[in-house]
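All remarks here apply to the structure that follows.
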Amino acid sequence: MSDLNRGIMKFKGADSPRAVTISTVLLLGSIAALIIWALQAAYALN
């Protein structure tokens with residue numbers, strides 16, 4: 001069992017490349033959206 005298949009990710013295929021890629025895209029996309037929103041709110045870029 002790999003280390004990625006433990007903890008809260010206790011389902012089969014939790015460490016598959018597809019699941020890791022989807023999770024990474026969602027996480028980085030959310031962070032980017034928050035940064036863009038914060039910059040627009042703070043500096044009124046538009």
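Since we're looking at a predicted model, the values are computed, not measured. Position 1 is the first residue of the sequence; numbering continues from there.
In this view, S30 satisfies the side-chain contact (heavy atoms from CB on, under 4.5 Å) rule with no residue, not counting sequence neighbours.
Connection of V25 to L34 is not established within any shared hydrophobic cluster, with ILVMFWY side chains joined at heavy-atom distances below 4.5 Å, either directly or through further cluster members. Residues L28 and W37 are members of separate hydrophobic clusters, defined by side-chain heavy-atom contacts under 4.5 angstrom among Ile, Leu, Val, Met, Phe, Trp and Tyr.
Membership of the apolar cluster around I22 extends to L26, as traced through chained side-chain contacts below 4.5 Å between ILVMFWY residues.
Put simply, the residue from L27, V20, T21 that forms a side chain to side chain contact (heavy atoms under 4.5 Å, CB included) with T24 is V20.
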